[in-house]
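Reading through the structure tokens given below for one structure.
Note that this is a predicted model, so its numbers are computed, not measured. Along the sequence shown, residues are numbered consecutively beginning with 1.
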Amino acid sequence: MDHKFTSVLVIFFGVVAAVFSQCAEAQTVHVVGDSIGWTVPTVGASAYQTWAASKQFVVGDILSFNFVTNAHDVLQVPKESYDSCSSSNPIGDTITTGPVNLTLSTTGAHYYICSLGRHCLSGQKLSVIVSSSPGGVPPTSTSSPPSTPTPPATPSPTSGTPADCAPTPASSPTPTRGTMSPPDSSSSGVFANLFISLLSIAMGFLF
């Protein structure tokens with residue numbers, strides 16, 4: 001009986017370790033701007049919007065801002081402050097030490113700017129739309145079309161991100177700020193079902 005109990009404990013902790021390993025692998029690190037990093041873009045003011053349009057952002061993913069300490073900063077702001085490049089009504093503190101990793105913990109739109117000088121006005125600003133699961137349609141703030149008959153409108157580039165554009169994780173930067181969030185609920189459900197199935201098999205050894 002003791003031998004069977006020990007076997008069940010070994011299987012139990014093995015499954016727990018596997019679940020946590022899968023959770024960690026489910027997160028994607030997005031290096032903001034890829035090779036250009038977080039700086040005043042020289043390739044045009046829309047550089048970061050072009051970068052974000054090719055990515056898919058999911059709850060639990062990480063934004064990695066690579067910049068030289070005190071040369072730039074990262075500040076999360078509401079949409080109004082993002083549009084006007086204002087540091088008023090900030091969401092959290094200004095981060096001046098780079099590089100920094102920020103975990104996307106909620107769905108919806110997230111807005112970031114560099115608050116130094118005219119950096120934001122020159123294009124150092126980023127907005128991302130975060131969905132709850134891979135392939136999910138992120139929430140949008142666009143209003144519904146008018147009821148009068150009109151020709152079909154061209155889809156907005158921010159209305160959703162194709163599932164087949166999932167980014168390849170870049171090399172892991174030095175972790176600094178930001179806390180790790182658990183993966184989305186759908187991934188947790190898959191792991192929970194796997195865990196319950198394996199635990200049931202293990203319990204069978206006891207009887």
Side-chain angles (χ1 to χ4, degrees), residues 15-34 37-38 48-67 73-83 89-95 97-114 124-143 155-196:
V15 170
V16 170
V19 168
F20 279 109
S21 175
Q22 291 295 326
C23 289
E25 292 175 3
Q27 294 174 328
T28 299
V29 176
H30 303 278
V31 178
V32 176
D34 292 330
W38 181 240
Y48 291 108
Q49 300 322 111
T50 301
W51 173 83
S54 67
K55 312 292 181 184
Q56 182 182 34
F57 303 94
V58 179
V59 169
D61 284 357
I62 296 171
L63 291 179
S64 180
F65 292 85
N66 284 334
F67 62 96
D73 63 31
V74 179
L75 180 63
Q76 185 173 3
V77 294
K79 186 178 188 306
E80 295 75 14
S81 298
Y82 171 85
D83 290 339
N89 303 314
I91 301 172
D93 298 326
T94 304
I95 302 170
T97 303
V100 64
N101 294 337
L102 300 179
T103 300
L104 299 171
S105 57
T106 59
T107 60
H110 296 247
Y111 302 95
Y112 304 91
I113 65 171
C114 177
Q124 193 175 359
K125 56 195 294 190
L126 169 70
S127 67
V128 298
I129 305 296
V130 182
S131 55
S132 60
S133 60
V137 178
T140 60
S141 58
T142 54
S143 58
S156 170
T158 59
S159 63
T161 306
D164 58 355
C165 290
T168 301
S171 57
S172 299
T174 305
T176 51
R177 299 190 184 184
T179 55
M180 302 297 283
S181 297
D184 58 275
S185 57
S186 63
S187 296
S188 299
V190 171
F191 298 137
N193 289 336
L194 173 64
F195 173 76
I196 291 171

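- For P99 against N66, the heavy-atom pair with the smallest separation is CB-OD1, 3.2 Å.
- Taking 4.5 Å as the limit, some side-chain heavy atom of T103 sits within range of a side-chain heavy atom of I62.
- When every heavy atom of D83 is checked against every heavy atom of K125, the shortest pair comes out as O-NZ, 4.0 Å.
- Ring orientation note: the planes of F57 and H30 are tilted relative to one another, at an angle of 30° to 60°.
- Scanning all heavy atoms of the two residues, the minimum distance from L126 to Q49 falls at CA-OE1, 3.6 Å.
- The two atoms that bring P78 and I91 nearest to each other are N-CD1, 3.9 Å, heavy atoms only.
- Taking OG1 of T94 as the reference point, atom CG of L75 lies at 4.0 Å (rounded to 0.5 Å).
- The CG atom of D93 lies 11.5 Å from the CG atom of D73; values are rounded to the nearest 0.5 Å.
- Proximity of V130 to V59: side-chain heavy atoms (C-beta onward) are separated by under 4.5 Å at one or more points.
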side-chain contact (heavy atoms from CB on, under 4.5 Å) between H110 and L104, intermediate numbers included: CA-CA 8 Å; H110 296 247; L104 299 171; 4.2 Å; yes
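- Of all the heavy atoms in A109 and Y111, the pair that sits closest is CB-OH, 3.4 Å.
- The distance between the ring centers of Y48 and Y112 does not fall below 6.0 angstrom.
- Across all their heavy atoms, V74 and F67 have their closest contact at CG2-CE2, 3.7 Å.
- The shortest side-chain heavy-atom distance between K55 and D34 falls under the 4.5 Å cut-off.
- Although no hydrogens or angles enter the test, the distance criterion places a donor-acceptor pair under 3.5 Å between the side chain of D61 and the main chain of T28.
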